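To keep things clear, I will list the structure first and then write my remarks on it.
Quick caveat: nothing in here was measured; it's all calculated off a predicted structure. Throughout, protein chains are lettered first and strands after them, A, B, ... in sequence-line order, and every chain is numbered starting at 1.
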Amino acid sequence: MNQADLLDQFVIEARECLEAIGKRLLDVEQDPDNDELLNDLFRSVHTLKGNCGLFEFKPLERVVHAGEDLLDRVRHRTLAYSAALADALLEAMDYSAQLIEQIERHGRIEDGADAGSIAHASALRAFVCDSASASSAEALAALPVVAADPASGEDVTPSWMSRLDLAAFASKSGVLALRYLPEEGCFFKGEDPWRLARTVPGLLQLKVEGACAWPQGDERAAWDCYQCNLDIVLCTDAPRAEVEAHFRCVAEQVAWCDATVNVRTAAPPSDGAVSPLLRKRAAALWNDQCELLARAGHSAGTVRAARRALTNLLSCVEGAAASAASASLAELSEEVSASSLLTWARSNAPAAEAVVVATLSPDARMPDTDIAAVLPRIEDSPPAAPQKVLKVGQEKIDRLMELIGEMVVAKNSLPYLAQRAEEVFQQRELAREIKAQYAVINRIADDLQHAIMQVRMLPVGAVFQRFGRLIRDISRKLGKEVNLVVEGEDTEADKNVIESLADPLIHILRNSLDHGIELPAVRRAAGKAPAGTIRIVARQESDRVIIEIQDDGAGVNAARVRDKAVERGLIHADQAATLSDDDAVQLIFLPGFSTADQISDLSGRGVGMDVVRTAIERINGGVELTSVQGQGTTLRLSLPLSMAVTTVMVVESAGRQLGVPMDLIVETVRVPACDIHHFKQARTTVLRGRVVPLRALNDLLALDAAPIPNDAGELAVLVIRHDNESVGLLVDQFQGASDIILKPLEGVLAGLIGFAGTALMGDGGVLMVLNPKELLQ
Amino acid sequence: MTIRYLKKHAALEGHVAVDDAEALAQWLLQQREPAVHLGKCEDVHGAVLQVLLALRPTFKSSPADPLLARVLGLA
């Protein structure tokens, strides 16, 4: 991989990271106490920083590093997550996105970026400094608590501690033990874990084992010596910051433990009597009580029950520390409040220490030889095996799809061949064999096509992701409260469909926010909840993807829409008066329509909904709008699953074959010539009690020939949907449906009106595919 | 060349780099009684250390580095 490829890869991955970070930031804002989310967020930022380090992108690295430091504090609960903090982080991530764009465009960061990056980094650092002044000792004190947190799923004292002979350093203070589990592929990154471990400052002791058992017998031949399987534990008396700096590149692979604390608490021997399992259970129960107390809104009974549970826990965990704690619990008043009991419980958690003792006490110490006991513990901790994902450029997939398209077309020529063999060469037997072979190839080609479609499928959630941010920012700016609810984000559709969906959806959401959702005060007056809800629902309906955007806002005011449309000269006044409310609402799709009196920077420039409709129609989709005034608006987008293969109806007119997209066709009928009514130039007929205007396809294409009726004197009518109306096209003959790969008109043909594109048929002919919409205008 | 493969043992000398790990592993696997000399070995790469730990050849002499010697169980 050369430098340019690496850079491309970096840009792709950085984008992914930023997207993930943006999403997680919003998630965390919803649920700031969720450790898993926080850790995930931290990991994303950390990955991004690591990637930056690969290149000399100082300004980017500076910002990301500051973000990482900040999040590390948040993760360790030494800094509270706040909206201001989230704002700063989001801004920093936006800035990073800009930098990455520069990198993508020019391969480097522009010179002026330094100032901006320093500004963002220092804004982030400001949060860190604020909290640091609070107390750095608090940070250290918080560590054991974090370790005991049930959510982190780890023991209070990691089992690996027992591999170190800590007794030798019992007299020393500030001894730090750590376990370094290098990732499997670290040798390929040019890392040398052994060198890193043995050069640790203040190294006191170092032990190396295999993270998994070393290969035995026949396994040895297949063993890959470049898959790192080292498990290094060591202890040092250097300050933690210095050791952390030493391991800064692999910080996530290192587990820490303050050995001094543990060695000292190991001193009182009386505590060792209780079985380690009991201690562990007690610690878990204690944490459960803490969690219970931390919940909002509990009765006095709950508090009393929690208190009783704590007392009982203390009594079963004997020892000096426990008895002191139960004495102090007894001192608390009978009607103690939940919060003060919680503070007490958190500060007096005796189980945490006790478990430390238990694992370090000689009887409980895990024997090094007992591999079976050690293994499950190790399996808990190593980083998850990397997912086998292949990153392939889109153009390669497109090329593959093109080839499969050609394959589909090529295989379609076999039936023609069979026909020729039979008719021209009178080879029945051969014709049958060709047909049999065709069936096989047909099946494989179908599977191929299906497989490549699957590759191109993306969940619609990919575009929804960025909306959380959009809505948060806009609603803040407008002073509105909005909840975004997304459902069915796993629904899949072709990548091109998904990508062309992003802009229209943003338009729609902006409109909903700006015009739909009212201000909290207005909502309250209307008897609604002050916070509006925008609901995006995606689902699959046969071969279409349906996306509904629903808001519970003011809805569209039909009368106002009518007035504005007339005012802007979009329709005539008397025409407007005859429109039903439902139809009037559809006027907002007209080009140049806007009801906003003031042009805001969000919407109101009159390029809203018609752009949405054009964009959706370009990908063969449709938009429907329903609105109930005072209750909200629903926009329903219906999109094709995939744009690769189009089904067309092949018709014949004036000796030419033409394709008509199947999704526009309502029905095909044969109408006796006498049932066609002529009125001046116009022709109509009545189908199922409805008047359907008829147009001759030959006229529309300026072909000088009359439609040819069949032997019974009937004319072939292809009824298609056009602007919610049915229109009949008079053609000569129907020839059945065909799956084609539609190629848009390019080059000199690009300006041709009335055609959607061309397709290659199985017999080698070119089929022109009509665009009836353009044709009928 | 930081590893000399002799008839009865391999001699690791100086700093044994990551590239040598695979060759060493292959050689050790082929020997009936694999043995290595570490007397002149100053340092090894993590991958080489892993090979030595996994395949456990006989160590004919300890390395000068006490840390390395201890990790290999020679001191």
Side-chain angles (χ1 to χ4, degrees), chain A residues 163-165 168 179-236 247 249-250 253-254 368-369 371, chain B residues 1-5 9-59 62-75:
Chain A
R163 275 159 55 190
L164 290 167
D165 186 12
R179 179 197 206 183
Y180 171 33
L181 268 175
E183 58 181 352
E184 268 189 7
C186 70
F187 293 145
F188 296 102
K189 293 182 173 177
E191 287 171 15
D192 183 351
W194 165 242
R195 184 174 191 82
L196 191 66
R198 53 159 303 172
T199 51
V200 164
L203 185 65
L204 295 171
Q205 203 175 60
L206 177 64
K207 298 226 164 142
V208 184
E209 275 182 14
C212 305
W214 296 116
Q216 300 296 328
D218 290 344
E219 291 171 27
R220 289 167 151 227
W223 180 61
D224 181 0
C225 66
Y226 288 126
Q227 292 283 325
C228 185
N229 185 34
L230 294 173
D231 177 358
I232 302 170
V233 290
L234 56 87
C235 61
T236 160
F247 282 105
C249 301
V250 290
Q253 297 159 18
V254 178
D368 281 4
T369 45
I371 290 178
Chain B
M1 197 61 188
T2 48
I3 304 186
R4 285 187 295 134
Y5 297 103
H9 65 258
L12 276 60
E13 292 169 8
H15 180 93
V16 186
V18 62
D19 312 352
D20 293 321
E22 181 153 37
L24 178 62
Q26 289 307 323
W27 187 83
L28 289 176
L29 284 173
Q30 281 161 14
Q31 303 303 305
R32 214 176 319 145
E33 287 171 356
V36 288
H37 257 264
L38 297 171
K40 289 185 184 169
C41 176
E42 287 160 21
D43 195 6
V44 296
H45 186 275
V48 180
L49 175 72
Q50 179 171 294
V51 169
L52 294 177
L53 283 173
L55 304 180
R56 302 264 15 143
T58 318
F59 299 109
S62 329
D65 178 9
L67 261 177
L68 180 60
R70 212 169 306 139
V71 166
L72 291 172
L74 299 175

Part of A:Gln227 lying under 4.5 Å from any heavy atom of chain B: backbone

Using non-hydrogen atoms only, which part of B:Leu55 is less than 4.5 Å away from chain A: side chain, backbone, both, or neither? both

How close do A:Trp194 and B:Val44 get, counting heavy atoms only, and between which atoms? CD1-O, 3.1 Å

Between A:Trp214 and B:Ala54, what is the shortest heavy-atom contact and its length? CE3-CB, 3.2 Å

Please check this pair: side chain of B:Glu22 against backbone of A:Tyr226, looking for a donor-acceptor N/O pair closer than 3.5 Å. no

Can you check whether B:Leu53 reaches A:Leu230 side chain to side chain, under 4.5 Å on heavy atoms? yes

Of all the heavy-atom pairs spanning A:Arg195 and B:His15, show the shortest one and how long it is. NH1-CE1, 4.1 Å

Is it the side chain or the backbone of B:Leu24 that comes within 4.5 Å of chain A heavy atoms, both, or neither? neither

Rounded distance [0.5 Å steps], CZ in B:Arg70 versus CG in A:Leu206: 8.5 Å

Less than 4.5 Å to any heavy atom of chain B: does that hold for the side chain of A:Leu196, its backbone, both, or neither? neither

Shortest non-hydrogen separation from A:Cys225 to B:Val51 and the atoms involved: CB-CG2, 3.5 Å

With a 4.5 angstrom heavy-atom cut-off, which part of B:Val48 approaches chain A: side chain, backbone, both or neither? neither

Has B:Arg56 got more than 12 heavy atoms of other residues, nucleotides or ligands less than 6.0 Å from its CZ? yes

About how many Å separate CG of B:Leu49 and CD1 of A:Ile232, when rounded to the nearest 0.5 Å? 7.5 Å

Is chain A contacted by the side chain of B:Leu67, its backbone, both, or neither, given a heavy-atom distance below 4.5 Å? both

Please examine the side chains of B:Asp65 and A:Arg198, heavy atoms only from C-beta on, and report whether any two atoms are closer than 4.5 Å. yes

